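Down below is the structure, laid out as structure tokens.
Just so it is clear, the model here is predicted, and its values are computed rather than measured. For this chain, numbers begin at 1 and follow the sequence in order.
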Amino acid sequence: MKIRHFNALEDNYMYLITDDKTTECAVVDPAEPDELVKTIKKEGLKLTTILTTHHHYDHAGGNNKMLELMGAEKDQIKVIGGDKSLQALTHPVKDNEKLQIGELEVTCLSTPCHTAGHVCYVVTDGKEQAVFTGDTLFIGGCGKFFEGTAAQMQSSLQKLASLDPKTLVYCGHEYTKKNLEFAATVEPDNQDLKSKQSSVKSVTIPSTIGDELKFNPFMRTNQASVQAFTGKNDPIECMAELRERKNKF
């Protein structure tokens with residue numbers, strides 16, 4: 001499994017996932033698809049799948065253009081997502097539905113809150129595993145609750161927290177520096193967080209699920225230190241308070 005990131009718009013990430021054995025590939029959230037298509041055609045890859053995390057324009061708004069740029073091959077490309085309003089959607093998926101990209105296995109995880117139909121994609125080659133989290137989980141943070149509740153975000157993040165700790169995390173935006181600054185106000189004595197802050201570069205992907213559990217406050221709403229900051233002992237109430245404070249940060 002080969003994973004490459006491409007920048008889009010101001011701070012979005014797009015991804016190209018390739019199965020080296022079959023040269024089949026998928027793209028994730030191709031908001032500005034030109035460079036993705038150039039790479040696919042230059043390397044002679046076979047694009048079979050567009051994985052869309054959610055309907056916001058900076059994630060799904062390039063689906064039609066991606067298909068157009070692929071020319072005659074577009075009829076062989078599936079557009080996957082969990083929201084029927086998604087641009088160019090051909091295959092709506094349900095929670096835990098499985099797909100194939102060559103010999104790679106994809107598991108679709110329903111993670112509603114940022115949007116009602118948000119989906120994260122777990123991809124594995126049997127040895128390495130990665131999750132593409134869109135705007136549900138960021139490095140050191142999570143997405144805003146545009147179409148959902150704190151209870152939904154708590155449930156969605158706990159679903160991601162249950163993945164193998166070594167799972168690589170590829171998120172939808174480069175928000176890490178600001179997220180970690182907020183996290184430091186929540187847990188100023190968190191040594192894992194201090195270590196992460198000292199190592200931050202301009203590109204911070206990938207993280208891992210195990211690391212997020214160590215320093216991402218939105219993944220730590222069951223921890224006494226995070227609950228003390230919010231004044232809420234219930235993880236869902238803690239999640240709601242964290243988001244409110246992050247919104248104002």
*Excluding sequence neighbours, so at least two apart, what forms side-chain contact (heavy atoms from CB on, under 4.5 Å) with Ser110?*
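So Ser110 forms a side-chain contact (heavy atoms from CB on, under 4.5 Å) with Asp95, Pro112, Lys159.
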Exercise: identify the closest heavy-atom pair between [X] and [Y]:
X	Y	result
Ala88	Val79	O-CB, 3.2 Å
Gln227	Asn222	NE2-CA, 3.6 Å
Ile209	Ala161	CG2-O, 4.0 Å
Leu180	Gly140	CD2-CA, 4.1 Å
Glu24	Gly102	OE1-N, 2.9 Å
Gly44	Thr23	O-OG1, 4.3 Å

[Y]/[X] salt bridge by N-O under 4.0 Å criterion:
X	Y	result
Arg4	Glu43	yes
Lys94	Glu97	no
Lys65	Asp34	yes
Glu187	Arg220	yes
Glu241	Lys232	no

When you check the side-chain N and O atoms of [X] and [Y], is any donor under 3.5 Å from an acceptor?
X	Y	answer
Gln154	Thr221	yes
Thr111	His118	yes
Asp164	Thr167	no

Check whether any side-chain N or O of [X] sits under 3.5 Å from a backbone N or O of [Y] as a donor-acceptor pair, and report yes or no.
X	Y	answer
Asp125	Leu104	no
Ser156	Gln152	yes
Arg243	Thr149	no

*Rounded to the nearest 0.5 Å, how far apart are OH of Tyr175 and SG of Cys142?*
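These two atoms lie 12.0 Å from each other.
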*What's the spacing between Met219 CE and Met239 CE if we round to 0.5 Å?*
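Going from the CE atom of Met219 to the CE atom of Met239 covers 9.0 Å.
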*In sequence, state the C-alpha distance, the side-chain angles, and the governing distance for Thr133 and Phe138, and then conclude on side chain to side chain contact (heavy atoms under 4.5 Å, CB included).*
CA-CA 7 Å; Thr133 59; Phe138 297 124; 5.8 Å; no
*Is atom NZ of Lys84 surrounded by more than 12 heavy atoms (other residues, nucleotides or ligands) closer than 6.0 Å?*
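No, not enclosed.
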*Atom CZ of Phe249 with >12 non-hydrogen neighbours under 6.0 angstrom*: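 Enclosed: over 12 neighbouring heavy atoms sit under 6.0 Å from CZ of Phe249.
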*Stepwise ring pair (Phe, Tyr, Trp, His ring centres under 6.0 Å) test for His59 and His173*: CA-CA 10 Å; His59 295 263; His173 291 270; 5.2 Å; yes
_Partners meeting salt bridge (Lys or Arg N to Asp or Glu O under 4.0 Å) with Glu68 (sequence neighbours left out)_ =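 Listed in chain order: nothing, the list is empty.
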*Check the pair Glu147, His54 against side-chain hydrogen bond (donor to acceptor under 3.5 Å, both in side chains), reporting the backbone distance first and the verdict last.*
CA-CA 11 Å; Glu147 296 178 11; His54 63 294; over 6 Å; no
Starting from [Y], can I reach [X] by hopping between I/L/V/M/F/W/Y residues whose side chains sit under 4.5 Å apart?
X	Y	result
Leu36	Val106	no
Leu163	Ile3	no
Leu242	Met153	yes

*How about Phe132 and Tyr15: are their ring centres within less than 6.0 Å of each other?*
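Between Tyr15 and Phe132, which both carry aromatic rings, the centre distance is below 6.0 Å.
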*Answer yes if the ring centres of Phe146 and His114 are under 6.0 angstrom apart, and no otherwise.*
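Yes; His114 has its ring centre under 6.0 Å from that of Phe146.
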*From the options Leu193, Thr208, Asn190, Asp192, select the one residue that forms a side chain to side chain contact (heavy atoms under 4.5 Å, CB included) with Lys214.*
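Among Leu193, Thr208, Asn190, Asp192, the one meeting side chain to side chain contact (heavy atoms under 4.5 Å, CB included) with Lys214 is Asp192.
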*Could you give me the CA-CA distance, side-chain angles and deciding distance for Glu174 and Lys201, then say whether salt bridge (Lys or Arg N to Asp or Glu O under 4.0 Å) is met?*
CA-CA 11 Å; Glu174 183 49 68; Lys201 299 176 182 177; over 6 Å; no
*asked:* Determine whether Thr49 and Lys78 satisfy the following criterion, side-chain hydrogen bond (donor to acceptor under 3.5 Å, both in side chains), listing intermediate values before the conclusion.
replied: CA-CA 5 Å; Thr49 312; Lys78 296 178 181 178; over 6 Å; no
_If we check side chain to side chain donor-acceptor pair (under 3.5 Å) with Asn63, which of these qualifies: Thr90, Thr52, Asp29?_
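Going through the options one by one, the only one that passes is Thr52.
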